[in-house]
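Each remark here refers to the structure printed beneath this line.
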Amino acid sequence: MPSDIFSLNLPRRMRRLRGSDAMRRLVRETEVRPGDLIQPLFVIEGDGKPEAIESMPGQQRIPLGKLADVCKKLYDGGIPAVALFPKLDPSLKTPEGAEALNEDTLVLRAVRAVKRACPGLLVITDVALDPYTSHGHDGLLNERGTDVENDRTVTVLQKMAVLNAQAGADFVAPSDMMDGRVGAIREALDQSGLTETSIMAYSAKFASAYYGPFREAVGSAQAAGTKLLGKDTYQLDPANRRQAALETALDEEEGADVLMVKPAGPYLDIIRELRDSTELPVAAYQVSGEYAQIHAAARLGWLDLERTRDESLLAIKRAGADMILTYFAQDFLT
Ligand code: PBG
């Protein structure tokens, strides 16, 4: 029948489901909730003023005496977990990072303070030597100082993990990328009766330029004399998907409870592949550089901060992350 109204003959018009806010909400497939988010926190000694971190607007190094209050606020606002990173006085750093095994080192006092003040909040501690070594590497160097020694480092990480767990950490999170450390840490925890402490493994952690602001925050960059400290002999080559699959499979076999991909935004393909290949929960770490670049562009007036933030997290969730470590978590309190 001829008609004077022009219309294409389209049985499927995708725009029908986008016509109103209510319709868009109804068909929305992915949602980021506060309960998905983990806030990383930087901790320093004392009870003074929090220190701003220039390259990470809105993030601070929090004095130990103020940490419990910050954590209570996050927990009351619906954030289920925090990841603690100590920034040590440079005088405590040595090539062997002995301070990591001090039974009263800053991060252990931080864990105890948080669990005392806010027992429901999950506490994740980083198991790696970079806050403690004068060279800023995640492990112990060989005699010639040319590379990080794997097996000797793992024995230190085992002890660190046990100390963290004894202090009350719910998750220990090896971020060092040594071979065999997940299995070794599981064994050490179990032998110490710490069978209930979980392991969140930084399984696919890439040698990324996006860690720059973090290294400023914890002082591992200054220690090494450069923000671009090379960790290429242990962190994954950003070019390699298959190696990421092998790394995550190994950590799963060795007993990891949660597998992590890091960074997140530039590695959405890796997150998706991992989500499709494991039944374990998948975590993704939206790292300091991802946070910094959104803030920097927003400061210049080039991007809308909130919309870019929300879209970046949505994309990570849509790629398959069950939980996201993000410095933006504190923006999502209910
Ligand atoms: C170190 C560690 C790093 C981050 C978390 N743990 C940096 C590194 O590997 O040098 C980076 C986190 C971020 O950039 O937000 N073990």
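We count ligands from 1, going down the list as the structure has it; atoms in each ligand are counted the same way.
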Original post:
Under 4.0 Å from any heavy atom of S175, which atoms of ligand 1 are there?
Top reply: 1 (C), 6 (N), 16 (N)

Original post:
With atoms numbered from 1 as shown, which atoms in ligand 1 lie under 4.0 angstrom from a non-hydrogen atom of Y327?
Top reply: 12 (C), 13 (C), 15 (O)

Original post:
Is the closest side-chain donor-acceptor distance between N142 and T146 under 3.5 Å?
Top reply: yes

Subject >> Sub-4.0 Å atoms of ligand 1 with respect to non-hydrogen atoms of K262 >> reply: 2 (C), 3 (C), 4 (C), 5 (C), 6 (N), 11 (C), 12 (C)

Please set out all donor-acceptor pairs under 3.5 angstrom arising from side-chain atoms of residues 62-71, sequence neighbours excluded.
{"residue": "K66", "atom": "NZ", "partner": "D47", "partner atom": "O", "Å": "2.7"}
{"residue": "K66", "atom": "NZ", "partner": "G48", "partner atom": "O", "Å": "3.1"}

**OP:** Using a strict cut-off of 4.0 Å, indicate which atoms of ligand 1 neighbour a heavy atom of K231.
**Re:** 8 (C), 9 (O), 10 (O)

**OP:** State whether Y211 and K262 meet the cation-pi test: NZ (Lys) or CZ (Arg) under 6.0 Å from the six-membered ring centroid, and within 45° of the perpendicular axis.
**Re:** yes

Subject >> Proximity flag K205 to ligand 1, non-hydrogen atoms under 4.0 Å >> reply: yes

**OP:** May I ask you to list the atoms of ligand 1 that are less than 4.0 angstrom from any heavy atom of Y285?
**Re:** 12 (C), 15 (O)

Subject >> Closest to atom 12 (C) of ligand 1 (judged by heavy-atom distance), picking from Y234, F206, F214, Y291 >> reply: F214

Original post:
Using the benzene-type ring in the case of Trp, are the ring centres of Y327 and H295 under 6.0 Å apart?
Top reply: no

Original post:
Relative to Y234, does K231 satisfy both conditions: NZ or CZ under 6.0 angstrom from the six-membered ring centre, and within 45 degrees of the ring's axis?
Top reply: no

Original post:
Is ligand 1 less than 4.0 angstrom away from at least one heavy atom of Q286?
Top reply: no

**OP:** Please state whether D126 comes within less than 4.0 angstrom of ligand 1, counting heavy atoms only.
**Re:** yes

Original post:
With under 30° as parallel and over 60° as perpendicular, where do the rings of F206 and Y267 fit, or are they tilted in between?
Top reply: parallel

Subject >> Residues in side-chain contact (heavy atoms from CB on, under 4.5 Å) contact with L300, at least two apart in sequence or another chain >> reply: W302

Original post:
With atoms numbered from 1 as shown, which atoms in ligand 1 lie under 4.0 angstrom from a non-hydrogen atom of Y211?
Top reply: 8 (C), 9 (O), 11 (C), 14 (O)

Subject >> Six-ring centre of F332, R309 cation under 6.0 angstrom, axis tolerance 45° >> reply: yes

**OP:** Examine R215 against ligand 1 and note whether any of their N/O atoms are separated by less than 3.5 Å.
**Re:** yes

Original post:
Picking from Q59, K87, R61, what satisfies side chain to side chain donor-acceptor pair (under 3.5 Å) with E51?
Top reply: R61

**OP:** Check ligand 1 against A128 and write out every atom of the ligand that is under 4.0 Å from a heavy-atom position of the residue.
**Re:** 16 (N)

Original post:
Considering only heavy atoms, does D138 approach ligand 1 within less than 4.0 Å through its side chain, its backbone, both, or neither?
Top reply: side chain

